[in-house]
Each structure stands twice: as structure tokens, then as C-alpha cells.
Amino acid sequence: MALKIYINGKLVDKEDAKISVFDHGLLYGDGVFEGIRAYNCLVFKLEAHIDRLYESAHTIMLSIPLTKQELIKAVISTLKANSFKDAYIRLVITRGVGDLGMDPRKCPKASVIIIADKIKLYPEQLYRDGLKIITVPTLRNPSETLNPQIKSLNYLNNIMAKIEAVNSGVEEAILLNSMGFVTECTGDNIFVVKNGELCTPPQYMGILRGVTRDSVLALARAAKIPAREQIMTRHEVFNADELFLTGTAAEIIPVVRVDGRVIGTGKPGTLTLKLMKAFHASTSKDGVKYSVR
Ligand code: PMP
């Protein structure tokens, strides 16, 4: 069965899922998106993702032509149309069709695209052994220029960092801000564990406030693990007892080496493993349920 894609109110086959070359999402990266996951017929933290999407859209003055409830319904119908119990969902809102100029006023209506597909994960072995990552020369966009909190279709900042990581033979990169403080990775937030305490860079350092990051902070607090937002340099990262990344696609993935420095014992740490377990348990709880035939 062909994959069914939602475009502007219609569910069409993948081959027919096309948008205009005049769409400003393509011409200018003018739009916003979300990456969401469904686990066993539950769209995990759907409302948090929808809220973040509307906030991103609000900041770039993009009017989403659906209410939040209508958009939630559209996500569910896309999952049902594909009979997906588990899926990775990409929700994309573009500025819509305009002319070749960048003026958003020329785009009367935003385009709404929902793609649900099988999840592609890091290989299982990386969850067991941990990732090796590096810091890259590309700095995270400063909030005062293009706020990382806007999950926009312009991901070149992240892609540049990803290219640098891949060129150096690793999968992920830490981006610093212009002051040399740690922000996040190309598509994941970062956490360090030191003396039993969990720390992650605060939002004002210039990061995307990840839904998974929020979940992990909440899980830690529920488990009475001290957790706080804390600015950090590479020194704190190198000398962490444990290190891990969080994101919707990656979930929680341990990191065992940064810029050639071994982190902790060089193996995924006990607190990391505990949180991975707690996170997996939570994916059957907090979200919007649906059914498939
Ligand atoms: N940072 C960036 C830059 C991201 O793109 C993402 C999501 N892919 C994250 C962090 C993690 O956010 P979430 O947990 O909401 O997926």
C-alpha cells in the first residue's frame, strides 16, 4: 500500500504528494515544523508538540489555517490512513505559494503537510555502547538573530554542524554559542550527570526547548534525581560522570566520548540507563490515543 500523505486537507499517495515550486517553504525555508512519535497507538506528547508548533508559527507571523484540535485530528487521520501503530510524524507548515520575492504577504495561505512514516533509529548497538561526538566550528544561531526556539524550516545552521560532524567521522555535533557555552546538538538536547545530579543548558543559552528534554527533567524529578538547568562549557562536558542526548527520534542516547575525551567510565552510565528505562515506560502514558484497523 502506498504511503498516504496529508496535504492541505487531503490524504494522497506518496507519488502524488507534491507542492508548488513557488511555495516559500522551498524558496526561503519560510515555515515551521515538528517531529513527533507514535508508540503503540499513542501519539506521545502530541499537545506539547502542537503548542510548540503554534508558538513557532506565531513568532514568524504564520497563520496556521486549522485550529489545534483540527490539526490533532489531521495527525490522527494520517496515522489511521496508514494503519501505523508506531510512526515518526513530520508536521510541516509552510508560508504557502507566493511569487519569487520573499514578501510573505504574497502568500495567501499556509500549506499544511503531515507525513507519517516508519521510524529510522540509530543502530541498537549505539544505545548499548554510546555515541562518540565532537564539538564543531559552526556556532548555534544566536537567539537575537534567529532564535533556536523557533523550529523553522531553515535548518542550515544544524546541517552545517552535521556536515562537520560527518566529515570528522561521527554522527553528532555539539554546537557552542558565541560565548563558548554549550547549547545543544544538531537535532538533540544535551544532558550531563555529575555527582548524581542532572544538568542541561538553559533555554536562554540558545537552544530548542525539546519536548523530550522536558520529559526527562520531569522523569528525573519524579524519581527524586536532582535536576537543573545550568550553563556549561566543554570542561564540564569532558568531566561529566555521564552524558546523554535527548530528542524525539533518538529518545535518550548515551554519549561516551567528546572531542577525544572519554566520558566517565567510557560506558553508558547507571543514571542514563535508569532514565532510558523510565522514558520508555512513559511513552505508553502521556499522549493522544487512537486506533487502527
Ligand atoms: N534540538 C534541536 C535543534 C532539534 O531539532 C530537536 C528536535 N529534532 C531537539 C533539540 C529535540 O527536541 P524534541 O525532544 O522536542 O524532539
Side-chain angles (χ1 to χ4, degrees), residues 29 31-39 43-57 59-60 75 87-93 115-117 119-122 131 133 135-136 138-143 145-165 171-177 181-192 198 200-220 227 229 232 243-253 255 272 275-276 278-280 282-283 286-288:
V32 294
F33 77 101
E34 277 298 321
I36 312 168
R37 263 176 91 160
Y39 294 92
V43 192
F44 186 59
K45 302 266 178 184
L46 180 55
E47 276 155 359
H49 284 285
I50 295 283
D51 287 347
R52 187 172 66 181
L53 182 78
Y54 276 76
E55 288 193 1
S56 292
T59 294
I60 71 162
V75 169
Y88 181 79
I89 304 146
R90 176 57 56 91
L91 193 43
V92 183
I93 317 287
I115 310 164
D117 206 351
I119 6 160
K120 283 198 204 76
L121 303 173
Y122 279 128
L131 273 179
I133 66 174
T135 315
V136 291
T138 293
L139 302 178
R140 192 71 175 106
N141 280 334
S143 306
T145 351
L146 182 58
N147 196 326
Q149 189 53 24
I150 305 165
K151 201 163 165 58
S152 89
L153 291 180
N154 189 327
Y155 249 48
L156 268 183
N157 180 218
N158 314 59
I159 292 166
M160 292 288 280
K162 183 82 174 182
I163 289 169
E164 287 160 354
E171 288 297 319
E172 252 302 352
I174 296 178
L175 292 93
L176 305 177
N177 66 16
F181 291 110
V182 171
T183 63
E184 60 181 334
C185 292
T186 67
D188 295 313
N189 292 114
I190 189 164
F191 282 81
V192 306
L198 201 58
T200 191
Q203 194 178 315
Y204 64 79
M205 278 290 101
I207 60 161
L208 179 76
R209 185 175 147 197
V211 171
T212 320
R213 174 184 177 278
D214 279 357
S215 304
V216 167
L217 286 171
L219 287 170
E229 297 180 294
M232 57 182 84
L243 189 66
F244 62 84
L245 313 182
T246 65
T248 295
E251 302 176 320
I252 298 177
I253 185 151
V255 176
T272 305
L275 286 166
M276 284 167 80
F279 181 78
H280 282 135
S282 78
T283 59
D286 195 348
V288 175

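One-based numbering, in listed order, for ligands and for the atoms of each.
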With heavy atoms of G210 as the reference, note each atom of ligand 1 found under 4.0 Å away. 12 (O), 13 (P), 14 (O), 15 (O)

Partner of F244 under side-chain contact (heavy atoms from CB on, under 4.5 Å), chosen from L275, V255, I253: L275

Not counting sequence neighbours, which residues clear side chain to side chain contact (heavy atoms under 4.5 Å, CB included) with N154? List them please. S152, L156

Ring centres under 6.0 Å, that's the criterion: do F279 and F44 meet it? yes

Contact atoms of ligand 1, heavy-atom distance to T248 under 4.0 Å: 13 (P), 14 (O), 15 (O), 16 (O)

With heavy-atom distances below 4.0 Å as the criterion, list the atoms of ligand 1 near N158. 3 (C)

At a 4.0 Å threshold, what atoms of ligand 1 neighbour a non-hydrogen atom of G247? 11 (C), 14 (O), 16 (O)

Quick one: does Y155 get an N or O within less than 3.5 Å of an N or O on ligand 1? yes

Is atom CZ of R90 surrounded by more than 12 heavy atoms (other residues, nucleotides or ligands) closer than 6.0 Å? yes

Out of I93, V92, I60, V32, which residue meets the side-chain contact (heavy atoms from CB on, under 4.5 Å) rule with L153? V92

Quick one: look at I207 and ligand 1, take heavy-atom pairs under 4.0 Å, and tell me if it's side chain, backbone, both or neither. neither

Output the list of atoms in ligand 1 that are nearer than 4.0 Å to some heavy atom of V211, sorted by atom number. 13 (P), 14 (O), 15 (O)

When only distance counts, is G187 in polar contact with ligand 1, meaning an N/O pair under 3.5 Å? yes

Rounded to the nearest 0.5 Å, how far apart are OG1 of T183 and CD1 of I174? 9.0 Å

Measure from the side-chain N and O atoms of T212 to the backbone N and O of T246, and report whether any donor-acceptor pair falls under 3.5 Å. no

E184 heavy atoms, cut-off 4.0 Å: which ligand 1 atoms fall inside? 1 (N), 2 (C), 3 (C), 10 (C)

Check ligand 1 against R52 and write out every atom of the ligand that is under 4.0 Å from a heavy-atom position of the residue. 12 (O), 15 (O)

Are any of the N/O atoms on T212, whether in the backbone or the side chain, positioned under 3.5 angstrom from an N/O atom of ligand 1? yes

So is D214 touching ligand 1 or not, going by heavy atoms under 4.0 Å? no

Ranked by distance from atom 7 (C) of ligand 1, the top protein heavy atom is K151 NZ, 3.3 Å

With sequence neighbours left out, the residues meeting side chain to side chain contact (heavy atoms under 4.5 Å, CB included) with M276 are Y127, I252, P254, T272, L273

Give the numbers and elements of all ligand 1 atoms closer than 4.0 Å to a heavy atom of R140. 3 (C)

Measuring from L139:CG to F181:CZ, what's the distance to the nearest 0.5 Å? 13.0 Å

